[in-house]
Amino acid sequence: MHIQLTSQAYCKMLLHTAKYPHCAVNGLLVAEKTKEKKKDGHGGPVLCVDCVPLFHGTLALAPMLEVALTLIDSWCKENNYVIVGYYQANEQTQDSRPNQVAQKVAARISENFNEAVIVMVDSSRLTMSCFEPIVFIYDHVENKWKNREVTTDAFEDWNEAQTITSALLVGRSYENLIDFDNHLDDLRNDWTNPAINKSVLDLC
Amino acid sequence: MASLSEMYDVGWEEMRDKLRKWREDNCRNSEQIVDVGEELISEHSSKLGDDIWIIYEQVMIAALDCSRDDLALTCLQELRKQFPDSHRVKRLTGMRLEALERYDDANKHYDAILQEDPTNTAARKRKISILRAQGKSTEAIRELNEYLEQFVGDQEAWHELSELYINEHDYGKAAFCLEELMMTNPHNHLYCEQYAEVKYTQGGMENLELARKYFAQALRLNNRNMRALFGLYMSASHIAASPKVSAKVKKDNIKYAAWAAAQINRAYKVSIEMSYLDSTFHCFYSFFFFIGY
């Protein structure tokens with residue numbers, strides 16, 4: 001499945017990774033639900049418009065993940081989104097392969113969206129300038145997760161994504177990024193991150 | 001560039017108190033610690049008295065986290081001058097080597113400390129941290145187990161071991177570590193709640209019931225623990241939805257789930273009144289109907 005990341009989705013993934021450099025982090029990728037399918041059977045690329053940062057630290061426990069998936073699923077239905085993928089940055093910067101947790105969550109997402117992808121963030125290449133895309137995209141092919149080459153095609157607008165992400169990293173916006181863990185610590189913390197979304201919009 | 005104290009209109013005492021609070025809470029907000037600590041050290045060191053040494057240590061560790069080797073070295077050199085033979089300072093030297101990824105040198109350094117003082121727990125724990133940093137989970141687990149045979153009361157170590165086991169998906173052993181922690185800290189709601197999460201993840205009816213009981217216990221210890229509340233709802237709902245349970249068990253768990261749901265609703269209502277979270281509150285209503293029973 002050809003996916004494209006918007007600047008908002010890409011930069012929030014990286015902000016989440018930057019906020020917790022010593023932890024593994026994960027989250028969900030969402031796209032707008034479309035009913036149209038082109039007549040020749042090939043849809044256009046699926047545009048991941050946003051991501052929802054989930055957890056940091058210990059990712060391998062089930063109950064809060066189930067709560068998050070259910071709540072976010074409801075939110076998606078209200079906003080005409082669908083969960084299309086899962087992102088993760090590992091604790092070990094030198095290892096950016098999808099582990100058991102990633103595969104399990106992606107399998108769960110695939111129940112609702114059969115071309116779900118795993119996006120692994122390569123935190124070893126995280127820089128302030130964001131001069132190159134640092135994600136690996138994995139598709140489920142023949143029962144295995146296969147890495148595909150990521151070019152600037154994987155972005156709706158790579159230059160915009162690069163500029164915005166770099167600006168927000170330099171401005172330390174990650175300090176205000178809210179993930180689901182933060183929400184569970186204090187319900188007032190809003191995992192939809194409206195403030196950061198606004199910053200992204202302002203920079204577009 | 002404006003100093004922090006100018007930008008935020010804080011005095012040096014507030015900065016010092018902030019650092020103390022972060023020390024006590026063991027926060028890892030390294031960038032903030034570096035910002036506040038660096039200014040405090042460079043502008044107000046004479047006013048800090050003996051506090052300065054612990055501040056040097058705190059700022060040094062935060063500086064290592066932020067790749068500020070210049071600042072880390074400055075702090076380390078001050079500490080070395082003041083405490084020339086201290087093992088505590090030697091451990092900081094080792095941590096700097098770790099931050100530079102010079103793990104072999106760091107290990108030699110810690111081994112030297114352990115030669116002089118075989119009971120030095122800090123050096124042993126740093127060696128185990130190196131194994132974790134290198135991704136050598138199996139060895140880290142083995143060394144940590146050996147360490148805990150000797151130092152059975154070290155809670156930080158038990159917790160670290162539970163994390164390592166969870167990452168390896170060895171939930172049974174993770175549960176064992178958390179049981180040790182709950183035994184020695186019966187009033188700690190976090191350990192109860194984490195234990196319940198591990199049991200839930202293990203799965204199966206028995207574990208699910210245990211999970212529900214420990215989520216409930218965590219709530220008794222702290223009725224604002226949202227994870228425990230959600231966990232109670234989830235485990236009770238799953239039990240009630242299972243075809244294998246008796247009618248009475250089903251009925252009881254429906255009651256528990258309904259109670260939890262009401263509490264969660266109330267918690268969201270209160271937080272909404274304090275902010276404007278319409279979207280998340282809205283979708284929370286639909287949450288309750290996800291498990292049909």
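Quick note on labels: first sequence line is chain A, next is B, and so on, each numbered from 1.
A salt bridge is defined here as a Lys NZ or Arg NE, NH1 or NH2 lying under 4.0 Å from an Asp or Glu carboxylate O, and R68(B) with E38(B) meets this definition.
In this structure, a donor-acceptor pair under 3.5 Å is present between the side chains of D179(A) and H16(A).
With a threshold of 4.5 angstrom between heavy atoms, R132(B) approaches chain A through its backbone and through its side chain. Using a 4.5 Å cut-off between heavy atoms, E163(B) contacts chain A through its side chain alone, with no backbone atom that close. Proximity to chain A is limited to the backbone of Q134(B), based on heavy atoms less than 4.5 angstrom apart. Both the backbone and the side chain of D185(A) come within less than 4.5 Å of a heavy atom in chain B. With a 4.5 angstrom heavy-atom cutoff, N90(A) does not touch chain B via any of its atoms. With a 4.5 Å cut-off on non-hydrogen atoms, A174(B) does not touch chain A at all.
For chain A, the option among D35(B), N225(B), V198(B), L229(B) with the highest count of heavy-atom pairs below 4.5 Å is D35(B). By number of non-hydrogen pairs under 4.5 angstrom with chain B, the leading residue of E175(A), Q94(A), Q100(A) is Q100(A).
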Exercise for review: Report the C-alpha separation of Y191(B) and Q155(B) in whole Å, then their side-chain angles, then the decisive distance to 0.1 Å, and conclude whether the side-chain contact (heavy atoms from CB on, under 4.5 Å) test is met.
Suggested key: CA-CA 11 Å; Y191(B) 294 150; Q155(B) 292 172 26; 4.0 Å; yes
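Ring-plane geometry between H183(A) and F180(A) is classed as tilted, the angle between the planes lying from 30 to 60 degrees on a 0 to 90 degree scale. Between F230(B) and Y268(B), the angle of the ring planes goes over 60°, which puts this pair in the perpendicular group of the 30/60° scheme.
At least one side-chain heavy atom of E66(A) sits under 4.5 Å from a side-chain heavy atom of R108(A).
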